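These numbers were taken from a predicted model, which means no experiment stands behind them. Numbers here are sequence positions counted from 1.
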Amino acid sequence: MTENQQIPLSSMNFLDLAKTRYSVRSYDPRPIEKEKMDYVMECARMAPSAVNFQPWKFFVINTPEMLTAIKAAYPREWIQSAPCIIVACSDHTESWHRRADNKDHADIDIAIAVEHICLAATEQGLGTCWVCNFDPTVCRNVLSLPQNLEPAVLIPIGYPAATAEAAPKKRKEADEIISYL
């Protein structure tokens with residue numbers, strides 16, 4: 001299928017996909033098939049961004065040496081089981097800035113792409129978790145990042161361990177967050 005071909009809407013159920021996705025904090029050690037990772041990363045590539053500037057770069061870390069190094073940026077025990085970590089970086093020199101107030105949209109753009117990754121992974125039977133509470137200096141050093149790239153999110157990705165369970169989703173009621181005017 002080419003990127004311009006349309007999938008029939010009747011074959012999609014986005015709400016079920018969104019309800020199925022959860023933050024996985026326990027992974028099976030088996031590697032992820034290349035086809036699945038390629039699919040997930042293609043979904044990130046197709047994410048929308050302000051003015052289509054695509055101000056991002058993704059580093060897919062799956063070698064033992066690099067995993068050990070990048071996991072030092074978030075020294076929590078649970079992340080050690082992840083067989084792969086995607087480092088999502090924003091490029092503030094390439095992002096769109098709103099004219100009225102110079103608002104930088106890099107953080108919005110990277111968030112959209114990261115959620116495309118998480119939902120595509122869920123569709124492929126993989127688990128993910130957003131990690132934002134990490135040491136960006138460690139990431140910058142491990143990846144030898146230039147100054148224009150900001151490590152924004154770590155995304156551990158892999159098959160959920162048999163013991164991994166989704167916690168019940170706590171969401172506000174619709175009338176608390178939605179106003180139809």
(request) Report the distance from atom CD of Glu115 to atom CD1 of Ile155, rounding to the nearest 0.5 Å. (result) 9.5 Å
(message) Using the rule that Ile, Leu, Val, Met, Phe, Trp and Tyr join whenever any side-chain heavy atoms are under 4.5 Å apart, tell me whether Ile70 and Leu149 fall into a single cluster.
(response) yes
(message) For a quick test of reading the model, state the closest non-hydrogen atom pair linking Gln80 to Lys71 and the distance between them.
(response) O-NZ, 2.8 Å
(request) Ignoring hydrogens and angles, tell me if any N or O in the side chain of Arg21 forms a donor-acceptor pair with the backbone of Ala121 under 3.5 Å. (result) no
(request) Decide yes or no for Pro136 and Glu150: does some side-chain heavy atom of the first lie under 4.5 Å from some side-chain heavy atom of the second? (result) no
(request) Hey, could you give me the OG/CD1 distance between Ser90 and Ile108, rounded to the nearest 0.5 Å? (result) 11.0 Å
(message) Measuring from atom CD1 of Ile110 to atom CD of Gln54, what distance do you get when rounded to the nearest 0.5 angstrom?
(response) 11.0 Å
(message) Is there a continuous path of hydrophobic side-chain contacts, each under 4.5 Å between heavy atoms, that joins Ile85 to Met66?
(response) yes
(request) Locate the shortest heavy-atom distance separating Ser95 from Asp104; write the atom from each residue and the value. (result) OG-OD1, 2.6 Å
(request) Keeping the roles fixed (side chain from Asp109, backbone from Ala50), state whether a donor-acceptor pair exists under 3.5 Å. (result) yes
(message) Please check: side-chain N/O of Arg140 versus main-chain N/O of Pro146, any donor-acceptor pairing under 3.5 Å?
(response) yes
(request) Might you point out which heavy atoms bring Pro55 and Ser49 nearest each other, and give the distance in Å? (result) CD-CB, 4.1 Å
(request) Tell me whether Leu145 is reachable from Ile61 by hopping between hydrophobic residues (I, L, V, M, F, W, Y) whose side-chain heavy atoms are closer than 4.5 Å. (result) yes
(request) Provide the closest heavy-atom pair for Cys84 versus Val60 in the form atom of the first, atom of the second, distance. (result) SG-CG1, 3.6 Å
(request) Grab the two heavy atoms, one from Leu17 and one from Leu119, that are nearest each other, plus how far apart they are. (result) CD1-O, 3.7 Å
(request) Report yes or no: do Tyr159 and Leu67 belong to one cluster of Ile/Leu/Val/Met/Phe/Trp/Tyr joined by side chain heavy-atom distances under 4.5 Å? (result) no
(message) Does any part of the side chain of Lys34, heavy atoms only, come nearer than 4.5 Å to the side chain of Met37, both counted from C-beta?
(response) no
(message) Atom CD of residue position Glu173 - does it have more than 12 heavy atoms of other residues, nucleotides or ligands inside 6.0 Å?
(response) no
(request) Apply side-chain contact (heavy atoms from CB on, under 4.5 Å) to Val87 and Lys57, showing your working. (result) CA-CA 8 Å; Val87 181; Lys57 180 137 175 104; over 6 Å; no
(request) With rounding to the nearest 0.5 Å, note down the distance linking CG in Leu154 to OG1 in Thr128. (result) 12.5 Å
(message) Please say yes or no: joined through hydrophobic side-chain contacts below 4.5 Å, possibly via intermediate residues, are Ile32 and Val24 part of one cluster?
(response) no
(message) Are the side chains of Cys43 and Ile117 in contact, using a 4.5 Å heavy-atom criterion?
(response) no
(request) Indicate the ring-plane relationship of Phe58 and Trp56, choosing parallel, tilted or perpendicular according to the 30° and 60° boundaries. (result) tilted
(request) Decide yes or no for Gln124 and Ile157: does some side-chain heavy atom of the first lie under 4.5 Å from some side-chain heavy atom of the second? (result) no
(request) Find out whether Phe59 and Ile86 are in side-chain contact, i.e. whether some heavy atom of one side chain is under 4.5 Å from a heavy atom of the other. (result) no
(request) Look up atom CD in Glu123 and atom NZ in Lys36, then write down how far apart they are to the nearest 0.5 Å. (result) 10.0 Å
(request) Search all heavy atoms of Ala152 against all heavy atoms of Phe134 and return the closest pair with its distance. (result) O-CE2, 3.5 Å
(request) Indicate yes or no for a side-chain donor-acceptor contact from Tyr27 to the backbone of Pro156 under 3.5 Å, with no hydrogens or angles considered. (result) yes
(message) Tell me whether the count of non-hydrogen atoms from other residues, nucleotides or ligands lying under 6.0 Å of CD in Glu165 goes above 12.
(response) no
(message) To the nearest 0.5 Å, what is the distance between OG1 on Thr122 and CG on Asp16?
(response) 12.5 Å
(message) What I'd like to find out is whether the side chain of Val153 reaches to under 4.5 Å of the side chain of Cys132, using heavy atoms alone.
(response) yes
